[in-house]
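Every chain is numbered from 1, with letters handed out A, B, ... down the list of sequences. Because only heavy atoms are used, hydrogens play no part in the values below, and waters and symmetry mates are left out as well, while side chains stay in.
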There are 2 protein chains.
Amino acid sequence: MIDAERKFREYLSEKGLRFTSERLAILLHVMSLHEHFAVDDLHHQLRQKGLSISHATVFRTLALLIDCGIVQKLPCEKMPARYEHIFGHLHHDHMFCLRCGRIIEFHNAPIERWQQKVAEEHRFQMTGHHLIIRGYCEKCH
Amino acid sequence: MIDAERKFREYLSEKGLRFTSERLAILLHVMSLHEHFAVDDLHHQLRQKGLSISHATVFRTLALLIDCGIVQKLPCEKMPARYEHIFGHLHHDHMFCLRCGRIIEFHNAPIERWQQKVAEEHRFQMTGHHLIIRGYCEKCH
DNA sequence: ATAGTATTGATATTCGTTTTCAATTGCAAC
DNA sequence: GTTGCAATTGAAAACGAATATCAATACTAT
Ligand SMILES: [Mn+2]
Ligand SMILES: [Mn+2]
Ligand SMILES: [Zn+2]
Ligand SMILES: [Zn+2]
């Protein structure tokens with residue numbers, strides 16, 4: 001059993017929820033993906049594997065995985081949201097290429113620290129943040 | 001005539017578009033607002049003034065004002081987008097209080113500089129960015 | 001005035017996401 | 001293992017912000 005499964009099981013158990021075969025299948029597939037994906041991508045890939053999991057269940061399970069801290073949602077303007085597993089990964093932010101749609105990940109410690117500082121200055125209790133840099137990637141200049 | 005009106009007139013003229021009474025009314029009302037507003041807020045306020053401007057025209061005109069650089073759209077998760085006029089204002093980012101919905105504005109020069117630097121490091125041509133700090137405001141801790 | 005085009009409001013449509021609900025399933029207590 | 005029951009599921013319907021459609025109207029230039 002992978003660590004993510006253990007974490008998900010504990011989360012569900014604490015909430016009085018059940019560990020179903022659908023939830024396991026979705027968890028395992030999400031953990032096997034190393035890109036940013038849309039709900040439909042995930043749904044199609046599961047069906048290609050021969051699993052007939054409904055659209056609704058994919059949405060519902062992703063919500064659980066987000067609440068559990070295994071998955072992160074990237075709100076995208078003008079297109080369906082993207083998701084990615086973050087369990088086992090360090091925090092990062094994203095650049096979106098407006099031409100080819102490429103998503104580039106980055107981490108910048110000074111930005112993270114200044115965010116903390118700004119929040120403190122406003123006596124704001126930061127629980128998270130969300131930084132997206134829009135523009136054109138190397139190939140699309 | 002306020003500066004924003006001059007700018008909007010020039011923008012429309014260059015694009016071969018027309019300066020209509022609806023567009024003027026929306027522009028003036030948007031410039032009079034000093035909060036972040038949803039499309040429905042704006043629409044209702046215009047109707048309260050006795051102006052019968054359609055929903056569609058409000059959306060369409062906001063899109064023009066954004067393209068023109070007078071207005072900015074703040075994508076909100078789980079709720080309709082918010083807008084604000086930025087003409088005559090310096091760039092700023094936002095903190096969203098998850099409890100009371102308050103929006104706090106801030107500007108942090110080091111964050112802006114580091115964003116530029118990160119983009120350059122990835123040979124990414126930044127055209128804009130979007131930073132939202134989520135959490136709880138002073139009153140909502 | 002006239003013609004040509006942009007704009008409008010009302011309405012319908014889109015589409016990602018959420019909800020509904022009856023049938024099914026997991027799970028804990030017996 | 002049987003039972004009881006709430007949680008879960010899939011299919012379909014509903015939702016809702018945003019957009020598209022289109023006939024009527026209003027500018028603009030000639
Ligand atoms: Mn990522
Ligand atoms: Mn603002
Ligand atoms: Zn690109
Ligand atoms: Zn608050």
Report yes if the distance between the aromatic ring centroids of A:H107 and A:H89 is under 6.0 Å, otherwise no. no

Atom-pair distance ([atom1] on [X]; [atom2] on [N]), nearest Å:
{"X": "A:L24", "N": "D:dT9", "atom1": "CG", "atom2": "C1'", "result": "16 Å"}
{"X": "B:M79", "N": "C:dT18", "atom1": "CE", "atom2": "C1'", "result": "17 Å"}
{"X": "B:K15", "N": "C:dA6", "atom1": "NZ", "atom2": "P", "result": "13 Å"}
{"X": "B:H55", "N": "D:dA20", "atom1": "NE2", "atom2": "C1'", "result": "14 Å"}
{"X": "A:E77", "N": "D:dT19", "atom1": "CD", "atom2": "P", "result": "11 Å"}
{"X": "A:H43", "N": "D:dA11", "atom1": "NE2", "atom2": "C1'", "result": "11 Å"}
{"X": "B:F59", "N": "D:dT21", "atom1": "CZ", "atom2": "P", "result": "17 Å"}
{"X": "A:L62", "N": "D:dT9", "atom1": "CG", "atom2": "C1'", "result": "16 Å"}

Below the 4.0 Å mark, does [N] have OP1 or OP2 next to a side-chain nitrogen or oxygen of [X]?
{"X": "A:T20", "N": "D:dT8", "result": "no"}
{"X": "A:R23", "N": "D:dT8", "result": "yes"}
{"X": "B:T57", "N": "C:dG9", "result": "yes"}

Carboxylate-amine/guanidinium proximity below 4.0 Å for B:K117 and B:E121: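 No.
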
Partner of B:T57 under side-chain contact (heavy atoms from CB on, under 4.5 Å), chosen from B:R23, B:H43, B:E22: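 Of the listed residues B:R23, B:H43, B:E22, the side-chain contact (heavy atoms from CB on, under 4.5 Å) partner of B:T57 is B:E22.
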
Closest nucleotide of DNA chain C for B:A56 versus for B:G16: which of these residues is on the 5' side?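 By nearest-heavy-atom nucleotide position, the 5'-most residue is B:G16.
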
When we call it a touch if two heavy atoms are under 4.0 Å apart, what does A:K78 touch: a base, just sugar-phosphate, or nothing? sugar-phosphate

Looking for any heavy atom pair under 4.0 Å, which part of the strands does A:S52 touch: base, sugar-phosphate only, or nothing? sugar-phosphate

Please pick, from [options], the nucleotide with the shortest atom-to-atom distance to any side-chain atom of [X].
{"X": "B:R18", "options": "D:dC27, C:dC27, D:dT19", "value": "D:dC27"}
{"X": "B:P80", "options": "C:dT8, C:dT18, D:dA17", "value": "D:dA17"}
{"X": "A:R60", "options": "C:dA6, C:dT17, D:dT9", "value": "D:dT9"}
{"X": "B:E22", "options": "C:dT17, C:dG9, D:dC27", "value": "C:dG9"}

Minimum heavy-atom distance B:L33-B:Q45, with the two atoms named: CD2-OE1, 3.4 Å

Tell me whether the NZ or CZ atom of A:R99 lies within the 45° cone about the ring axis of A:Y136 and under 6.0 Å from its centre.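 Not satisfied by the 6.0 Å and 45° rule.
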
Report the residue (A:T61 or B:Y83) whose heavy-atom-nearest nucleotide on DNA chain D is the more 5′ of the two. A:T61

